[in-house]
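Contents: one structure, followed by commentary.
Quick note: numbers below take in every heavy atom, side chains included, and nothing from hydrogens, waters or symmetry partners.
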Amino acid sequence: MVPQVSSRTNRFDDFFRDQSYIILKNHLYNYTLRKSAVSGSLETGSGATLEIGSGMSPVLISKGRAVYCDVSFAALQILRSTLNRGLYVVADCTELPFKEGSFANAVCSEVLEHVEGDRKAVGEIARILTSHGCLVLTFPHRQIYFSHDDRFVHHLRRYELDEMKTILKDSGFTIIKVGKVLGLVEKAVMIPATFMARAFQPARPAQKNARGGVASSRVFISCFALLNRFLALLARLDAAATPLRYATVLMIKAKKGE
């Protein structure tokens with residue numbers, strides 16, 4: 001997900017201008033598994049749902065009333081052109097421009113680890129939710145796993161489960177469910193993948209509408225998609241077998257209030 005920090009330091013805007021990244025992003029196995037986990041836990045009946053840090057690839061796939069919020073204008077431009085539904089708001093998650101109780105649900109997937117004021121962000125989420133509103137949150141788990149892949153995407157931290165529970169409870173949330181999203185296969189894949197990405201990353205960001213290159217090849221895209229379907233199956237089995245304390249990405253469902 002997109003880091004919720006000042007646009008001056010938002011290196012993801014460089015990726016959004018890279019046609020290769022745009023083409024391949026939605027095929028990534030870890031993204032599809034997060035999307036599945038969130039959609040399986042989110043109840044989208046009455047009321048609107050806010051996705052915080054949606055980037056150009058949101059995990060919110062509900063057809064209900066949705067608002068997509070991100071610090072990157074470029075990401076929301078791309079999202080609006082492809083999704084063509086919902087509302088789009090450029091904002092920092094530590095200063096959400098919504099009234100108290102505006103949303104019945106909120107989604108925050110792979111965002112807080114990028115935020116300096118993560119506790120303030122959680123407090124803002126609680127503020128904009130209705131009484132007993134629901135938050136579905138995913139985050140990278142266990143500080144001991146912090147490594148090259150975290151630094152590559154500018155993670156400021158990983159979280160221990162008890163630490164995240166405390167942050168949520170301090171903002172008035174009650175934990176409903178804790179689940180595993182990814183296990184150790186995630187680290188085994190992403191560490192070498194990010195080393196390769198850094199090695200082949202161009203010195204200058206690609207132009208937004210650039211064409212050509214291996215990522216624009218239909219054959220390459222088909223192979224990439226097939227590989228990620230295999231990895232998604234492997235990662236799903238791995239997450240099911242991995243004990244909670246060793247999971248690399250966790251999901252928490254929480255409600256506002258008691």
Side-chain angles (χ1 to χ4, degrees), residues 1-10 12-13 16 34-35 37-39 41-139 156 159 164-176 251-258:
M1 282 298 102
V2 180
Q4 299 295 291
V5 294
S6 166
S7 61
R8 291 189 301 272
T9 59
N10 185 10
F12 280 70
D13 273 343
F16 297 146
R34 285 192 294 109
K35 185 166 64 172
V38 169
S39 64
S41 298
L42 191 64
E43 300 171 7
T44 55
S46 59
T49 300
L50 173 68
E51 178 167 352
I52 298 156
S54 64
M56 65 175 192
S57 299
V59 295
L60 177 59
I61 57 175
S62 166
K63 295 183 179 179
R65 289 185 288 163
V67 177
Y68 300 96
C69 175
D70 199 276
V71 73
S72 171
F73 178 73
L76 291 181
Q77 276 187 312
I78 294 169
L79 178 59
R80 184 176 182 179
S81 68
T82 56
L83 192 61
N84 198 30
R85 63 174 172 81
L87 298 175
Y88 308 86
V89 178
V90 178
D92 189 305
C93 66
T94 62
E95 297 179 356
L96 294 172
F98 307 109
K99 294 180 180 179
E100 293 183 13
S102 296
F103 297 93
N105 304 286
V107 173
C108 186
S109 181
E110 311 299 285
V111 173
L112 293 179
E113 62 273 16
H114 299 280
V115 182
E116 290 185 8
D118 55 345
R119 288 177 177 268
K120 184 178 180 182
V122 174
E124 277 289 276
I125 296 171
R127 181 185 64 79
I128 58 90
L129 282 174
T130 59
S131 177
H132 303 298
C134 175
L135 167 64
V136 177
L137 170 76
T138 73
F139 58 94
L156 299 178
Y159 293 93
M164 183 59 76
K165 285 181 176 179
T166 298
I167 292 172
L168 291 168
K169 289 177 181 177
D170 286 349
S171 290
F173 284 102
T174 298
I175 308 299
I176 298 174
M251 182 190 70
I252 291 181
K253 181 178 181 180
K255 70 174 182 177
K256 181 179 174 180
E258 298 295 331

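Side chains of Leu60 and Thr49 form a contact here, defined as non-hydrogen atoms less than 4.5 Å apart. In this structure the side chain of Met251 reaches within 4.5 angstrom of the side chain of Ser41, judged on heavy atoms. Here the side chains of Thr130 and Lys256 are not in contact, with every heavy-atom distance at 4.5 Å or above. No side-chain heavy atom of Lys255 sits under 4.5 Å from any side-chain heavy atom of Leu135. Side-chain atoms of Leu79 and Pro58, non-hydrogen and from C-beta on, do get closer than 4.5 Å to each other. Here the side chains of Ile128 and Phe98 are in contact, with some heavy-atom distance below 4.5 Å. A 4.5 Å side-chain heavy-atom check between Val107 and Leu50 finds every atom pair outside the cut-off. Taking the side chain as every heavy atom from C-beta outward, Met164 and Leu112 approach each other to under 4.5 Å.
Surrounding CZ of Arg127 are more than 12 heavy atoms belonging to other residues, nucleotides or ligands, all under 6.0 Å away.
Shown here for Ile52 and Cys93, the closest heavy-atom pair between the two residues is CG2-CB, 3.5 Å. Scanning both residues, Ala104 and Gly47, for their nearest heavy atoms gives CB-CA, 3.8 Å. Heavy atoms only, all atoms of each residue included: Val59 and Ser109 are closest at CG2-CB, 3.9 Å.
Put simply, CG on Leu156 and NE2 on His114 are 8.0 Å apart, with the number rounded to the nearest 0.5 Å. Here the straight-line distance linking atom OG of Ser171 with atom CD1 of Ile125 works out to 8.5 Å at 0.5 Å rounding. Interatomic distance, Lys253 NZ to Phe173 CZ, rounded to the nearest 0.5 Å: 13.0 Å. Atom CG in Leu168 sits 5.5 Å away from atom CD1 in Ile252 (nearest 0.5 Å). In this structure, NZ in Lys165 is found 14.0 Å from CG in Asp170, a value given to the nearest 0.5 Å.
At distances below 3.5 Å, not a single donor-acceptor pair connects side-chain atoms of Ser54 with backbone N or O atoms of Tyr68. One N or O on the side chain of Thr82 and one on the backbone of Ile78 form a donor-acceptor pair closer than 3.5 Å. Proximity of a side-chain donor or acceptor of Lys35 to a complementary backbone N or O of Val38 within less than 3.5 Å is not detected. In this structure a side-chain-to-backbone donor-acceptor pair under 3.5 Å is present from Glu124 to Leu96. In this structure, the side chain of Glu100 does not engage the main chain of Leu129 through any donor-acceptor pair within 3.5 Å.
Asp118 and Tyr159 share a side-chain donor-acceptor pair at under 3.5 Å. No side-chain donor from either of Ser72 and Asp70 sits under 3.5 Å from a side-chain acceptor of the other. For Arg34 and Thr138, the side-chain atoms include no donor-acceptor pair closer than 3.5 Å.
Partner of Val115 under the side-chain contact (heavy atoms from CB on, under 4.5 Å) criterion, chosen from Thr94, Val71, Val122: Thr94.
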How far apart are the C-alpha atoms of Tyr88 and Leu83, what are their side-chain angles, what is the distance that settles it, and do they pass the side-chain contact (heavy atoms from CB on, under 4.5 Å) test? CA-CA 11 Å; Tyr88 308 86; Leu83 192 61; 3.8 Å; yes
